[in-house]
Amino acid sequence: MNRTVLRLLKRLGFYALIAVVLFYAIFPFYYAVVTSLKPSSELFRVDFWPSSFDLVNYARILGEKSFVRAILNSILVSFSVVFIALLLGLTASYALGRVRFRGRTSVLLIILGVSMFPQVAVLSGLFEVIRVLDLYNNPAGLVLSYTIFTLPFTVWVLTTFMRQLPQELEEAAIMDGATPWITITRVFLPLMWPAMATTGLLAFIAAWNEFLFALTFTLTDDQRTVPVAIALISGGSQHELPWGPIMAASVTVTVPLVVLVMIFQRRIVSGLTAGAVKG
Amino acid sequence: MASVTLEKLNKVFGNTQIIKDVDLTIGDGEFVVFVGPSGCGKSTLLRLIAGLESITDGELSIGERVVNDLPPRERGVGMVFQSYALYPHMTVYDNMAFGLKLAKADDQTVEQRVMETARTLQLETLLERKPKELSGGQRQRVAMGRAMARNPQILLFDEPLSNLDASLRVQMRNEIAQLHHRRGSTVVYVTHDQVEAMTLADKIVVLRDGRIEQVGSPQTLYQRPATRFVAGFIGSPTMNFLPAELCDASPDGCRVAVAGVGELDLHQDAGETSGQRLTLGIRPEHLRLDAAEGDNRFTIVNVEYLGNEVYVYLEPREGDTLLIHRSEAPSDWQVGQDVALHVDVEHAHLFDASDRALTIATQRHAA
Ligand SMILES: Nc1ncnc2c1ncn2[C@@H]1O[C@H](COP(=O)(O)OP(=O)(O)OP(=O)(O)O)[C@@H](O)[C@H]1O
Ligand SMILES: [Mg+2]
């Protein structure tokens, strides 16, 4: 009797804890969704339940040409970053994880070290680079700068993963007559999907949400990415902060991320734990 | 056609020399087995032949061609790895077809070669499976199939059976032997297991610290080991070694004194110097036990009954390696009993102070 009560209490405590964590994690987003669905007249009444279902904010946001353009820019930039980072990361990780050469460890440490700098530290230097390359106010400049920040992490994770693949697998491919490029693309790549999905997704999220570079390296509305576009949404007057549209815009651009994570969720988990046990 | 010749082959890793001046000829169609203790360089030598390691010095030829600088795919070799190393994301069919496709064989040839190989290895029903859906023995066969699919002239195996359990190992051992008979390709095979070496090999190469200790047929190595190392390495249970002193030598033989056993007349030609320190080597089955008499007295410390035979372990006079006697079951010997040792001099081996085997005197006359 006593034991069942105790077990029940433990259960309860467990779920209570989960509820707290979930609430903590989800509430801000939930509140954003609720706010975005309100007409501006009700904006500053605190409601915890959706009191209305008004899509006017969404209509306004998606009706704005510059915002739609920003979404397209973001998609272009983020996918380019992911593609380039994975391509370079994969080839670099082959060299760093598989080829024995002098100074390999130092190279890895430098790569990791680079990623520790705060963005602001490289901002002015990068600005010069981008001006020299004539990429100012051009999404390509963003792709370049995001890749610089994404690559170290990508290379690091992929190298760790690549090292865990058995040596004999590569040698078997060599015996079958495979060149390094074929070994990477036909033998390693299919085995590295989990790691690729994980790093690719993280690179995507980083590129999608980046603000500082996007603000600094673009000038005109039609070159902006979503985070900057959201920040620059202006209200009817100088003194009005248009919360409704801002929330609607935020929700609009977050949903794709959530969907992506859901799709790749299983891959990510297996990517993070792969190699823990021998298959 | 597909003979392999190693001439003064050397391999250095960093500052350590792993393979030292290895000379070896492997004939076309021969089944050659490398054995030796762990770390002696068996795998390294195999990988040098495969082309997975670069040759530091010396010359390696396959057929008439020097292949030192050729990549593996141009050497006409196939390799089976210890861990199989099958491509996990490919089906059995694709695993075997991979090399053929890379060699730009046309679809029909690929299919024909793969199906042929699959038939030889009884893999036809498994072609659509992934490696993780196969048993250990089946994976082993796929690994062999992958190595064979391109029809290499030389097959290399690096401890291919060491991941299998005992009964499967016997079965696969037989399959490999049959396969070799049927295909007739040259095989180089690395193993720890001397039963595998004895049963499979046409020629056994015993390696020690990167050098060849002896090359010969299983019979030669068992019956006439050239050194004490080979004598101790080949044969299970291992040969017994007893310190002996040379009393008298003549052109037809010699007389040695062995502590406890007494004086023995052997056929070996021991040269001239009497008083030499020698080592008597005698296999467990060439010892006879009797009731103890006089000084010939050894204590039984353990008796192992194996069903068909019995191993009796005896306390040695010197050192701490137990002496082993092997006989057909049943046997009445008991632990704690004292027994006398009798050596079958026809089968005794004698090693000099530098552990080289002394030759039989009559043999030398005949030669
Ligand atoms: N890539 C390498 N770099 C440095 N040393 C190596 C390398 N590969 C092998 N060795 C050394 O060479 C020696 C022989 O290794 P090898 O793998 O040939 O031994 P083996 O006879 O196959 O042993 P085992 O029976 O345990 O497999 C070992 O001492 C090993 O440490
Ligand atoms: Mg080895």
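- Ranked by non-hydrogen atom pairs under 4.5 Å with chain A, the options B:Lys132, B:Arg146, B:His89 are led by B:His89.
- Nearest heavy-atom pair, B:Val77 versus A:Met175, reported as atom, atom and distance to 0.1 Å: CG2-CE, 3.4 Å.
- Residue A:Arg186 holds its CZ atom at 5.0 Å from CZ of B:Phe98, rounded to the nearest 0.5 Å.
- Judged purely by atom type and a 3.5 angstrom limit, A:Glu168 uses its side chain to pair as donor or acceptor with the backbone of B:Ser83.
- The environment of A:Phe29 atom CZ is dense: over 12 non-hydrogen atoms of other residues, nucleotides or ligands sit within 6.0 angstrom.
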Extract all donor-acceptor atom pairs below 3.5 Å that involve side chains of residues 150-161 of chain A and protein atoms in other chains or at least two apart in sequence.
| unit_1 | atom_1 | unit_2 | atom_2 | d |
| --- | --- | --- | --- | --- |
| A:Thr150 | OG1 | A:Tyr146 | O | 2.6 |
| A:Thr154 | OG1 | A:Thr150 | O | 2.8 |
| A:Thr159 | OG1 | A:Val155 | O | 2.6 |
| A:Thr160 | OG1 | A:Trp156 | O | 2.7 |

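- Of all residues in residues 101-112 of chain B, those placing a non-hydrogen atom less than 4.5 angstrom from a non-hydrogen atom of chain A are B:Leu102.
- In this structure, CD on A:Glu171 lies 4.0 Å from CZ on B:Arg47, to the nearest 0.5 angstrom.
- Atom CE of B:Met90 sits about 8.5 Å away from atom CG of A:Leu191, to the nearest 0.5 Å.
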For residues 95-102 of chain A, run the donor-acceptor check on the side chains, cut-off 3.5 Å, and write out each pair with its distance to 0.1 Å, sequence neighbours left out.
| unit_1 | atom_1 | unit_2 | atom_2 | d |
| --- | --- | --- | --- | --- |
| A:Arg98 | NH1 | A:Glu170 | OE1 | 3.2 |
| A:Arg98 | NH2 | A:Met162 | O | 3.0 |
| A:Arg98 | NH2 | A:Leu165 | O | 2.0 |

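- Within a 6.0 Å radius of CZ in B:Arg182, other residues, nucleotides and ligands contribute more than 12 heavy atoms.
- Contact of B:Leu86 with chain A is made through the backbone alone, with heavy-atom distances under 4.5 Å.
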Using distance only, find each side-chain donor-acceptor pair of residues 159-168 of chain B under 3.5 Å and give its atom names and separation, not counting sequence neighbours.
| unit_1 | atom_1 | unit_2 | atom_2 | d |
| --- | --- | --- | --- | --- |
| B:Ser162 | OG | B:Gln82 | NE2 | 3.0 |
| B:Ser162 | OG | B:Glu159 | O | 3.2 |
| B:Asn163 | ND2 | B:Gln82 | O | 3.2 |
| B:Asp165 | OD1 | B:Ser167 | N | 3.4 |
| B:Asp165 | OD1 | B:Ser167 | OG | 3.3 |
| B:Asp165 | OD1 | B:Leu168 | N | 3.2 |

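- Nearest approach of A:Ala172 to B:Ala85, heavy atoms of both residues: CB-O, 3.8 Å.
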